[in-house]
Number of protein chains: 4
Amino acid sequence: MVIVMKPIASQEDIGKIVEKMENQGYRVHKSVGDNYCILGLIGDTNKIDISQLEANAMVEKVLRVHHPFKLASRLFHHDDTVIQVGDCKIGKGSLAIIAGPCAVESEEQLMTIAREVKKAGAQFLRGGAYKPRTSPYSFQGLGEEGLKILRKAKEETGMPIVTEVMSHETFDVVEEYADILQIGARNMQNFALLKQAGKSSKPILLKRGMSATIEEFLMAAEYIMSEGNHQVILCERGIRTFETYTRNTLDLSAIPVIKELSHLPVIVDPSHATGKWAMVEPLSKAAVAAGADGLTIEVHHQPELALSDGGQSLKPEKFAKLVESVYRIASVY
Amino acid sequence: MVIVMKPIASQEDIGKIVEKMENQGYRVHKSVGDNYCILGLIGDTNKIDISQLEANAMVEKVLRVHHPFKLASRLFHHDDTVIQVGDCKIGKGSLAIIAGPCAVESEEQLMTIAREVKKAGAQFLRGGAYKPRTSPYSFQGLGEEGLKILRKAKEETGMPIVTEVMSHETFDVVEEYADILQIGARNMQNFALLKQAGKSSKPILLKRGMSATIEEFLMAAEYIMSEGNHQVILCERGIRTFETYTRNTLDLSAIPVIKELSHLPVIVDPSHATGKWAMVEPLSKAAVAAGADGLTIEVHHQPELALSDGGQSLKPEKFAKLVESVYRIASVY
Amino acid sequence: MVIVMKPIASQEDIGKIVEKMENQGYRVHKSVGDNYCILGLIGDTNKIDISQLEANAMVEKVLRVHHPFKLASRLFHHDDTVIQVGDCKIGKGSLAIIAGPCAVESEEQLMTIAREVKKAGAQFLRGGAYKPRTSPYSFQGLGEEGLKILRKAKEETGMPIVTEVMSHETFDVVEEYADILQIGARNMQNFALLKQAGKSSKPILLKRGMSATIEEFLMAAEYIMSEGNHQVILCERGIRTFETYTRNTLDLSAIPVIKELSHLPVIVDPSHATGKWAMVEPLSKAAVAAGADGLTIEVHHQPELALSDGGQSLKPEKFAKLVESVYRIASVY
Amino acid sequence: MVIVMKPIASQEDIGKIVEKMENQGYRVHKSVGDNYCILGLIGDTNKIDISQLEANAMVEKVLRVHHPFKLASRLFHHDDTVIQVGDCKIGKGSLAIIAGPCAVESEEQLMTIAREVKKAGAQFLRGGAYKPRTSPYSFQGLGEEGLKILRKAKEETGMPIVTEVMSHETFDVVEEYADILQIGARNMQNFALLKQAGKSSKPILLKRGMSATIEEFLMAAEYIMSEGNHQVILCERGIRTFETYTRNTLDLSAIPVIKELSHLPVIVDPSHATGKWAMVEPLSKAAVAAGADGLTIEVHHQPELALSDGGQSLKPEKFAKLVESVYRIASVY
């Protein structure tokens, strides 16, 4: 960590800060330039509250030298983490395909879609039983009834279930039915939920918040890991920008960046990122080419009747074509 | 609501959509232009799932004519809502000043600050007992111990307490001690928490999410109101943009916009918006000049020792000067 | 175009707007809902100044039904445009690779790099003679001297030259030497320059502005085309967002979106988008997988001595590996 | 400047960088931490190309300690700059009000508006003769004819003229007629135009680019100043964010930030920032309360007939009320 002192700071002002930091156990290297004096701190600076330092009227700014995450960092855990669920793997070269409807609407709907996506090559089945909706007047999901339908689909197809957990009250019931617990973009900094997920024995699929930096995304993973659950799958799903033609802007740079900073697997959700079914296939191919460890894709056999996100859902035949395409790209490497 | 059909849509394609919408009880006005046919829908279009319509391959896009909130809308509730807490009012011309430390750290700390802000003219005391922190390794608040200290400060100073509720598990205990429950920016779309707040009898101070549009902000208020609690105070606290010199970008346009769209009171938090104590006074004055119903300001007697957000906390004497300034501006009108 | 009237608008208010628009030659369809009356306008609405309509106190808002570009629109020009330069093509399936240093620094530097990129498979040589730099104290380019060096490299390698034109004063000299004129992101809405480019006989490589929507990007192309030059190549190069780990956020969704809206070829610049050489290869592969018609890549044999953008420049051997990778992906289709 | 070396960098790698920087004349302070070694550089680091350093495979990142502008910096020029135009001043406590139509449309239009804004208390007259328009099919301004009309209005009312210069070709003619030359947001990084402005003897009103950071904004001012023209007035006019209800998001934090970093005067344009006339008065008051040195306001006597930006133009009577309000706020201090 580097403390930049204000040009007007006196020797005494600087001395006070140096003394304070040394008293806290840091070694301090002082460099005096023409206008600025900077202090390099050596020691475990993760414990320092930067804002507290910046409260000092003689401190211009504080620059961090390294990222504040540890358990999620590749620096301290060199090898890629691989998440194993039944026979399926996520991470390190395997290409995991998660597919299914946005929401479970009925047994018939889910079974139809589950069979189709299985046939097309999906390894995991997704579907929401508890749905986060912008409007309180929109369909909120079938709740436990939806979870039971997901279990039936798992029994028939063998595909592990990925489904969202939204709150403390429903955590246990979702955990009972799900193989992978999804935490949605809007809850990426719901710290109470992250801590609870950290105590679960199930892998967590953590979606990037709409306005979360990659560092904040990895700090959210760190929350989960710091409670003991190291099975975290990161999911890039688009960030909020000024561009409105697509619902969000898919940030595929996040894939190589996360691979560099962290050992955790990272997958991509092109359905939510774009909000438009016609964009899903080209961006799925791009995600795999950029090095994603998997994809999560919304599929519906009757998108124009879907109770949520119909506009971004692929029909099964289009999904089958997508799976074939992305495997061809994956095979290039 | 307006449906824009694709230029390649045939008469039959258009007829199918018209029939479908009429079957759902809407009247449909068709306008045929040179390249595009557009369909105007009349009826309660809030129930329509836009994404479902956009799933239709012949639909180019769907344009909404009005905002999706009702209870929060000025259209259906013309007069300004006023929130009464004890002798204090928020809304309709009164200027509410909420002040206190970011976090309750000790009895001595809180009592010192509480007396100072009371003396300077604050009507409400703020202070966090449960703190949302980006890092799991940062100070997370004193919990119920902090709430008890807040109650003591209320007993001595008479100021009602504003404090954050972060989760289901701690909702009841926070509700017991607080006069106004704050929902933080990161939880603005934690829908489970919003619903629980909607069942509370206490007023809710709802902070705008870092990447929430004003429409989404009002939809979050609608969530609370739709459960029965109509006492919602909105708080603009800065949005995330590309500018990094300030922590966030305070969006003061939101004040006149919210006043136009909604009857709910709106206050401003310049401390979190800027992250820099030196910016708090000019932006507080600007907020009041723009028509804000109140301010929430972080104050600490020893910012350089604060356990969180020291860099944006004002010392009591600077806060006193701020209060005097904003009252002078308020008196101009 | 759809005009949404305010709920308080009287029949007379509405009648006045209808009359005004009919007098301007538009047909007007009126739909009256419960709270809102909407007016659908039929005719060439591109000429309408929306802001003028919104100045009317009884108008709530104006919604556009279609995009304001025509010459750039696929609606009126169905087939993909192909740009031919010498023996090379850009557009419709061919994969154009443009490579070279950020800036021409010396004859030795450019010739070395030109030979390397040619050998590795590049078809076009890039290099700036006039450089737009954020700081007036940074290297501003060699000017005409740089153009002469580019010509030498073309004579030896046969590669057509892509170089930036920054201003009116230097337009003619750049046009004389260049085979493709590049207009940089910061000049995307320098309308005087766009008009001048529209009168040129050389193809224009137009880079997307850092905060330009796709619609504005296509309107900038429309400016050039409206002056007579229809040879426009669009280049996605990253947009400005809150994420700071990469210099900009590469928006690969723009590729399928532009392919849908326009017939113009679109290429990608991953070097400027990320600002980090290690991200260039994965994002180049992603761009090609998403359907890009080409890439422009910064290459330098001694990046740590480069006078600009060293941090994002690939060494020749890394570039050769990149070319091989992207051709393998292109061959999948 | 601080160079952070990668954790894998060897003593030899670090030694090479130290030697290289010392050879360039910098003193280097080395601090070795547990994982990272950091190098503090002392000397005139403005000349260093950061990207070149980052090209080194052993460099993690480079942190800048101070801002790269000098002439625009308060650090080297402590007192507020005041721009004098005729009898009017901009900067240091005076409140400059610039008003007029977006575009000059006719003599009658401009004279009517000029008389009205003069009567209401404006000191400067604005009006565009050359208009930057997103669409090539929109009204592009009257050109020199418009400048002549502006001169007539100046002759009658005595108000100095503020008008935009868009290009090299028309620079001289605009400079001849204008008292203050405006450079628009889209040209904020049109470096050729900035250099030309730097050679002018007229003050320059420089508008912040839609996606420019405050640092880039000040670097654009530095471009002008580095050519010799130190009379630069900065204008905050809204930045591009995800919020679409207002056209842009007015960043009033920029006022105290610029006052801290620079000695140049800063004014605010609430008309372009919001795009909505009803938001102009509250945000004008906020701007003055935040410490702005002036305002530029669009006024039109018939906004619903305006050839551009009618939706954001105030009628003269509303403008007169605004002027009265902002002077009352200014008088509070």
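Residue numbers start from 1 in every chain, and the chains themselves are labelled A, B, ... in the order their sequence lines are given, proteins ahead of strands.
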Can you sort out the partners of B/Ala320 under side chain to side chain contact (heavy atoms under 4.5 Å, CB included), two or more places apart, ordered by chain and number? B/Ala120
Evaluate the side-chain proximity of B/Leu63 to B/Ile38: yes if any heavy-atom separation is below 4.5 Å, no if none is. no
D/Ala220: what forms a side chain to side chain contact (heavy atoms under 4.5 Å, CB included) with it, not counting sequence neighbours? D/Met188, D/Leu194, D/Leu206
How about B/Pro265 and B/Ile267: do any of their side-chain heavy atoms sit closer than 4.5 Å? no
What part of B/Leu283 is in contact with chain D, defined as an atom under 4.5 angstrom from a non-hydrogen atom: side chain, backbone, both or neither? side chain
Spatial distance of atom CZ (B/Phe319) from atom CG (B/Leu295) [nearest 0.5 Å]: 8.5 Å
Counting distance alone, with no hydrogens or angles, which donor-acceptor pairs between chain D and chain B are under 3.5 Å?
from, atom 1, to, atom 2, distance (Å)
D/Arg208, NH2, B/Glu243, OE1, 2.9
D/Ile214, N, B/Glu243, OE1, 2.8
D/Glu243, OE1, B/Arg208, NH2, 2.9
D/Glu243, OE1, B/Ile214, N, 2.8
D/Tyr245, OH, B/Glu260, OE2, 2.9
D/Glu260, OE2, B/Tyr245, OH, 2.9
D/Arg328, NH1, B/Val332, O, 2.9
D/Val332, O, B/Arg328, NH1, 2.9

Within a strict 4.5 Å, meaning less than it, do heavy atoms of the D/Pro270 and D/Ile297 side chains meet? yes
Region of B/Ala212 in contact with chain D, defined by heavy-atom distances below 4.5 Å: backbone
Most contact-rich option vs chain D, by heavy-atom pairs under 4.5 angstrom, among B/Ile255, B/Leu250, B/Ile239, B/Val326, is B/Ile239
What is the distance from atom CZ of B/Phe217 to atom CD1 of B/Ile258, rounded to the nearest 0.5 Å? 5.0 Å
Take B/Leu234 and B/Leu218 through the test side-chain contact (heavy atoms from CB on, under 4.5 Å) and record every step on the way to the result. CA-CA 8 Å; B/Leu234 302 167; B/Leu218 289 168; 3.6 Å; yes
So which of D/Val288, D/Val257, D/Leu252 has the biggest tally of heavy-atom pairs under 4.5 Å with chain B? D/Val257
